[in-house]
J.: 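The structure that follows is given in the form of structure tokens.
Every chain is numbered from 1 and lettered A, B, ... according to where its sequence line falls, protein lines coming before strand lines.
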Number of protein chains: 2
Amino acid sequence: MNIDRRSGCPINLSLEVFGDRWSLIILRDMIFGGRRHFRELLNFSLEGIASNILADRLKRLMALGLLTKADDPSHKQKAIYSLTEMAITLVPIMAQLGAWGRVWLPVTEELSIRAELLEKGGPPLWEQFMDELRHEHLGAPSRTPPGAPTVRQQLRAAYEAVVERKAEELRHIKTEA
Amino acid sequence: MNIDRRSGCPINLSLEVFGDRWSLIILRDMIFGGRRHFRELLNFSLEGIASNILADRLKRLMALGLLTKADDPSHKQKAIYSLTEMAITLVPIMAQLGAWGRVWLPVTEELSIRAELLEKGGPPLWEQFMDELRHEHLGAPSRTPPGAPTVRQQLRAAYEAVVERKAEELRHIKTEA
DNA sequence: TGCAACTGATTGCAAAATGCAATTGGATTG
DNA sequence: CAATCCAATTGCATTTTGCAATCAGTTGCA
């Protein structure tokens with residue numbers, strides 16, 4: 001894929017992974033939105049990613065070791081994408097990025113709910129969320145007691161409706177234009 | 001400049017600021033390398049940025065409110081670039097990015113020294129460093145007692161020699177090729 | 001005074017990345 | 001058996017990137 005290696009600096013190498021306009025968006029939707037399928041990522045993308053870009057980035061993220069792909073047993077054509085540990089440990093970066101954006105950029109209030117929650121919960125919440133992701137994506141044993149509200153539920157509750165409405169609007173605009 | 005606004009999501013908006021291969025590299029060199037002039041950024045860039053890209057990104061970062069430019073009183077042509085508070089508060093993101101890169105990417109040991117120091121020092125060290133940056137770039141009063149070693153000094157000590165050697169090599173390769 | 005070196009850029013141009021629209025071949029649903 | 005859904009792929013125009021060369025003004029030095 002991309003074996004630039006302009007330098008061995010950690011920040012530079014991280015940038016060679018995320019220094020584009022889509023990779024981190026896809027990971028955001030998988031991590032926080034719980035998207036696992038191509039169509040989910042395509043149709044519920046707030047930013048309206050194109051299918052060829054999505055296909056390219058999924059391939060790239062797999063090559064980089066951030067995602068894995070498996071057949072969905074319920075549907076022979078469906079592929080299910082999973083986060084690797086490498087991707088799951090991006091949660092703190094996402095949280096910091098969200099916190100910074102909330103302060104300095106013209107964010108929409110309704111879309112900042114997740115960032116706010118992550119910021120308030122701090123590292124302990126991030127850790128719990130990462131455990132949940134390990135459970136969902138890597139089959140690791142869950143450390144959350146059954147019945148207790150998951151971070152995922154908290155993150156989704158207020159957010160999902162907004163995202164789906166927005167994505168709906170976006171599709172509507174596209175089809176009628 | 002770039003008024004995409006694909007969505008008001010904090011992570012997306014942050015990505016619209018840093019979602020390219022150079023902006024954060026320039027900020028890294030200003031924050032951690034202490035670069036303040038065009039030529040410094042150009043000649044001591046580990047990754048070998050081109051002058052037109054550098055000029056473009058400096059302009060863009062100014063438009064976005066991350067940098068300011070002032071005349072250098074010692075030299076009528078020299079411009080001196082300063083970090084704004086908006087840029088200074090990127091330190092935690094840089095630290096997280098460096099920490100993540102150190103774990104998951106093929107970083108060079110000698111270039112990871114800074115990331116390691118930031119990781120070990122944790123948020124308190126980041127805060128001290130940010131204060132130093134405010135002192136240097138915004139003229140804020142210094143909270144470090146005079147004589148005490150600054151974070152900047154610790155960060156640079158082991159690093160600067162490496163960077164300058166590398167940059168030297170890079171220039172050498174370019175001129176002889 | 002004259003000239004080389006240095007200042008922060010700008011220009012021209014080729015290559016690569018991006019993104020939209022349409023389409024593909026196979027699977028599933030009704 | 002037709003319509004729909006699946007994960008992509010293709011074609012193509014636009015945009016971005018990045019290298020090389022160049023620029024005009026400033027400075028340092030002889």
J.: Nearest to the side chain of A:Asn52 - C:dA21, C:dG8, D:dA20?
T.: C:dA21

J.: When you match B:Arg39 and A:Ala79 each to their closest nucleotide on DNA chain D, which lands nearer the 5' end?
T.: A:Ala79

J.: Closest-nucleotide mapping onto DNA chain C: is B:Arg36 or A:Ser51 further toward the 5' terminus? I mean the 5' end.
T.: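 It is B:Arg36, whose closest nucleotide lies nearer the 5' terminus.
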
J.: Using atom CG of B:Asp71 as one end and atom P of C:dT7 as the other, report the distance to the nearest whole Å.
T.: 16 Å

J.: Rounded to the nearest angstrom, tell me the gap between atom CG in B:Asn43 and atom P in C:dA9.
T.: 14 Å

J.: Nearest of D:dT17, C:dT18, D:dC19 to any side-chain atom of B:Ile53?
T.: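 The listed nucleotide nearest to B:Ile53's side chain is D:dT17.
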
J.: Do side-chain atoms of B:Arg6 reach the backbone of A:Leu46 as a donor and acceptor pair under 3.5 angstrom?
T.: no

J.: Ignoring hydrogens and angles, answer whether the base of C:dG26 and the side-chain atoms of A:Gln77 contain a donor-acceptor pair closer than 3.5 Å.
T.: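 Indeed there is one.
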
J.: Can you tell me the distance, in whole Å, between the CZ atom of A:Arg57 and the C1' atom of D:dA8?
T.: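 Going from A:Arg57 (CZ) to D:dA8 (C1'), I get 15 Å.
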
J.: Check this for me, if you would: do B:Arg21 and A:Asp20 make a salt bridge, where the nitrogen-to-carboxylate-oxygen distance has to be below 4.0 angstrom?
T.: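 Between A:Asp20 and B:Arg21 there is no salt bridge, as every charged N stays at least 4.0 Å from the carboxylate O atoms.
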
J.: Of the nucleotides D:dT17, C:dT10, D:dT9, which one has an atom closest to the side chain of B:Asp20?
T.: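 It is D:dT17.
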
J.: In whole angstrom, what separates A:Arg21's CZ from D:dT17's P?
T.: 8 Å

J.: Rounded to whole angstrom units, what separation is found between the CG atom of B:Leu54 and the P atom of C:dT7?
T.: 13 Å

J.: Nearest to the B:Ala55 side chain among C:dA9, D:dT17, C:dT11, which nucleotide is it?
T.: C:dA9

J.: Let me know the distance between CG of B:Asp72 and C1' of C:dT7, rounded to the nearest Å.
T.: 11 Å

J.: Between B:Lys59 and C:dT10, is there a contact of a side-chain N or O with OP1 or OP2 at under 4.0 Å?
T.: yes

J.: Find the distance A:Glu40:CD to D:dC5:P and express it as a whole number of Å.
T.: 15 Å

J.: Think A:Lys76 has a side-chain N or O under 4.0 angstrom from the OP1 or OP2 of C:dG25?
T.: no

J.: Atom NZ of B:Lys78 and atom C1' of D:dT26: how far apart are they, to the nearest Å?
T.: 11 Å

J.: Under 4.0 Å from OP1 or OP2 of C:dA17: is there any side-chain N or O of A:Trp22 that close?
T.: no

J.: Does this structure show an ion pair linking B:Glu116 with B:Lys120, if we count only N-O contacts that are shorter than 4.0 Å?
T.: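 A salt bridge is present here (some side-chain N lies under 4.0 Å from a carboxylate O).
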
J.: Does the B:Glu136 side chain pair with the main chain of B:Leu133, one donor and one acceptor, at a distance under 3.5 Å?
T.: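 Pair absent, no side-chain N/O of B:Glu136 close to backbone of B:Leu133.
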
J.: Relative to each other, are the rings of A:Phe32 and A:Phe129 parallel, tilted or perpendicular (30° and 60° limits)?
T.: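 Geometry flag for A:Phe129 against A:Phe32: parallel rings.
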
